[in-house]
2 protein chains.
Amino acid sequence: MDAVTIKDIARALNLSTSTVSRALRGSYEISAETKRLVMDYAERINYQPNPIALSLKENRSRVLGVIVPQIANNFFSQAINGIEAIAYNRGYHVIIMQSHESLEREVLTVQQAMARRVDGLLISISSQTNNLAHLHAIQQRNVPIVMFDRVSAELDAPKIVADNFGGAFAATEHLIQTGRRRIAFVAIPPYMAITQDRLAGYKAALTQYGLPYDDDLVRFVGFQEHEFDPVIDDLLRLSTPPDAFFMAFDRLALWCMTALRKRNIAIPEQVSLIGFTNISVAELLDPPMSTVVQPAQEIGQTAAERLIELIELKEKAPATSTVKIPNTLIVRESTKRKTE
Amino acid sequence: MDAVTIKDIARALNLSTSTVSRALRGSYEISAETKRLVMDYAERINYQPNPIALSLKENRSRVLGVIVPQIANNFFSQAINGIEAIAYNRGYHVIIMQSHESLEREVLTVQQAMARRVDGLLISISSQTNNLAHLHAIQQRNVPIVMFDRVSAELDAPKIVADNFGGAFAATEHLIQTGRRRIAFVAIPPYMAITQDRLAGYKAALTQYGLPYDDDLVRFVGFQEHEFDPVIDDLLRLSTPPDAFFMAFDRLALWCMTALRKRNIAIPEQVSLIGFTNISVAELLDPPMSTVVQPAQEIGQTAAERLIELIELKEKAPATSTVKIPNTLIVRESTKRKTE
DNA sequence: TTGTAAGCGTTATCAA
DNA sequence: TTGATAACGCTTACAA
């Protein structure tokens, strides 16, 4: 049983396809009676317009391309959740693609999305992406882009991010207020904007509370777990070791918890632990770790809303604007007690 | 700058569109010289065939619909990962939709997918889905379906699942071999096939090792965390309480860990804990819990492969086949020591 | 108020 | 070896 077309309706009702088309969209130039006739029949045989034909005609696909480093990642799967919610409400579908943290694959993926004629692109760039030529190229084709989470100053596009500065400030402030003085800050490579912002928040809190900034306490690691343990050991061997660990990245916080457990360092009796992370892990396992929870879903929603606006209004260059969605600080035992 | 079409090439080269079309697909009836000419020019101006026009012509979209209860769930995001990997290799795109564990939304979602003219459907049904009329309907429209993970015997379609029986058997066997005798089994509502299979594996292992089956040790809970704690308390109050907990569902395992910690019940000194779960949580947090790891990604891959086969071969009714992908048992401290 | 015809980008059929 | 034309499903001038 093949799908019903306007032609089928026209034939059955002895009308022309254009009359049927107009009747279905409620055009004023069609008599009420014909309209009813067509509508009823269409309903009865379960007519559904073919979106592919429409896309061809209207030269748009009603599809949003979403490019993320990884789908199987709490943050991104929640963000996608938010994107989908908005997209479906507005009549768009979403095609999700992964760059696998590789610039090369990201470029390919962007090309694929263009080949698929997406109406707009939501992208969170890979950690390797230091060149945005592929994105500039599609902007020249007049396909709107919205960046989220992993954004870059080098592209003139709306950006939706968590308030990384504010979140890091709040986390650091909280540690200070609960009596910690030597706060280690560990993040992923420093060329990413999110890292920069979090580091700035950390520094600002130290300054505001009159604590010195110590380069020895600030470390950057890669994406491999084996790079992590030496960093912790190094920190612990300092002449004045840290009394708190602030892990400015999702996975780092979990690795740190494991590393401290292995070394029998008690949280929070000996050190405090706080991390940027996602609600699911944070809530399910009730870990000994306070958390700056990232508003992943809201970021996705906001980004999708912004993109659809751009697509539908087609205003030229609504200028680069960066929206910061606030984080939520969840305090647990790990950082509650004062130690001094 | 709009996308380049075959017409543009034809005009520029003073050829007809049909010649260009044939040249681009390397048809034998076009002279080598013309071919080169066309190919070179197409390359130079970066021609990309419009997939929408193709879809209309060929009456297929090269899109797979994927319906899952939730995207923001480790198992499903990994499964989607596997699906995407296969799909992109075979030239398909993937549209992901969520049923949010609701039959009503699942029905809507299936209709949407059909309206979008997907070439095939991959579905993991919601926990509320007790009626498969919506799926039968699309089978009648000759759109192939493959079910994965959450499957139902009531639909005649290929099914890809984890080896739930085998995994539960292995977990139970492991607990028995490490000296446990009173093994609690907790799962989600019993009408789901996965629950049935896991329960059967549990029973089979008891039988094989000559242990009695005790109804008191087997419990079913809903999806809400507050339903969970009373069940644990109930089990602990038994005249002979369990010496091991087997949580036959992802979230339950995590809840159980938290519940036991709250009650100061030591793992594995007092009880063993083992659960069905996902690799990411299991690995990252190094929890005191052995795990039957579900091959989420492989399930996704296999399901996608099967679906694409069905789409492309268009064999009629390749019959219902159920593929079981083995689980992996990861043993940790939580179940290692013998207690008796 | 309704119908005819052209067009969106591509391929297939038939002619030249 | 190449070109003209029709067709996929739909919308929209333009005509009736």
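Within every chain, numbering begins at 1; the chains are lettered A, B, ... in the order of the sequence lines, protein sequences first and strands thereafter.
- Rounded to whole angstrom, the span from the CD atom of Glu58(A) across to the P atom of dG7(C) amounts to 18 Å.
- If you measure from atom CG of Leu15(B) to atom P of dT2(D), you get 7 Å, rounded to the nearest angstrom.
- Atom CG in Leu56(A) sits roughly 9 Å away from atom C1' in dC8(D) (whole-Å rounding).
- Relative to the side chain of Leu54(A), the nucleotides dG3(C), dA4(D), dC10(D) differ in distance, and dC10(D) lies closest.
- Sparse packing is recorded around CD of Glu33(B), with 12 or fewer heavy atoms of other residues, nucleotides or ligands lying under 6.0 Å away.
- The phosphate of dA5(C) has neither OP1 nor OP2 within less than 4.0 Å of any side-chain N or O from Ser18(A).
- Residue Thr19(A) places at least one side-chain N or O under 4.0 Å from the OP1 or OP2 atom of dG3(C).
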Any chance you could lay out the salt bridge (charged side-chain N to carboxylate O under 4.0 Å, His left out) test for Arg306(A) and Glu309(A), step after step, and finish with the verdict?
-> CA-CA 5 Å; Arg306(A) 196 79 188 79; Glu309(A) 250 173 53; 3.0 Å; yes

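- Checking dC14(D), dC10(D), dT2(D) against the side-chain heavy atoms of Pro49(A) singles out dC10(D) as nearest.
- Side-chain proximity of Ile6(A) to dT2(C), dT11(D), dA7(D): nearest is dT11(D).
- The CD atom of Gln112(B) lies 9.5 Å from the CD1 atom of Ile95(B); values are rounded to the nearest 0.5 Å.
- Counting non-hydrogen atoms under 4.0 angstrom, Ser55(B) reaches nothing in the nucleic acid.
- Using modelled atom types, one side-chain atom of Ser124(A) and one backbone atom of Phe148(A) make a donor-acceptor pair closer than 3.5 Å.
- Atom-to-atom, CZ of Arg117(A) to C1' of dG9(C) comes out at 9 Å; the value is rounded to the nearest Å.
- Contact of Thr17(B) with dT10(C) (side chain to base): no donor-acceptor pair of N or O atoms is detected under 3.5 Å.
- Exactly one of His134(A), Arg150(A), Glu106(A) qualifies for a side chain to side chain donor-acceptor pair (under 3.5 Å) with Thr129(A). That residue is Glu106(A).
- Asp8(B) has its CG atom 13 Å from the C1' atom of dT10(C), to the nearest Å.
- To the nearest angstrom, C1' of dT11(C) lies 14 Å from NZ of Lys7(B).
- Atom CD1 in Ile30(B) sits about 13 Å away from atom P in dA12(C), given to the nearest Å.
- Of the residues near DNA chain D, Gln48(A) and Lys35(B), the one whose nearest nucleotide (by heavy atom distance) lies more toward the 5' end is Lys35(B).
- Distance from the side chain of Ser31(A) is smallest to dT2(C) among dC10(D), dT2(C), dT12(D).
- Rounding to whole angstrom units, CZ of residue Arg22(A) and C1' of dG9(D) are separated by 16 Å.
- Within the 4.0 Å cut-off from OP1 or OP2 of dC10(D), at least one side-chain nitrogen or oxygen of Tyr47(A) is found.
- Residue contacts for Thr5(B): at a heavy-atom cut-off of 4.0 Å it reaches the sugar-phosphate backbone alone, with no base atom in range.
- A sub-4.0 Å separation between OP1 or OP2 of dT11(C) and a side-chain N or O of Ser21(B) is present.
- Around atom CD of Glu58(B), more than 12 heavy atoms belonging to other residues, nucleotides or ligands sit under 6.0 Å away.
- Among the atoms of the strands shown, none is found under 4.0 Å from any heavy atom of Ile52(A).
- As judged by a 4.0 angstrom heavy-atom cut-off over every strand, Asn59(A) is placed among residues making no nucleic acid contact.
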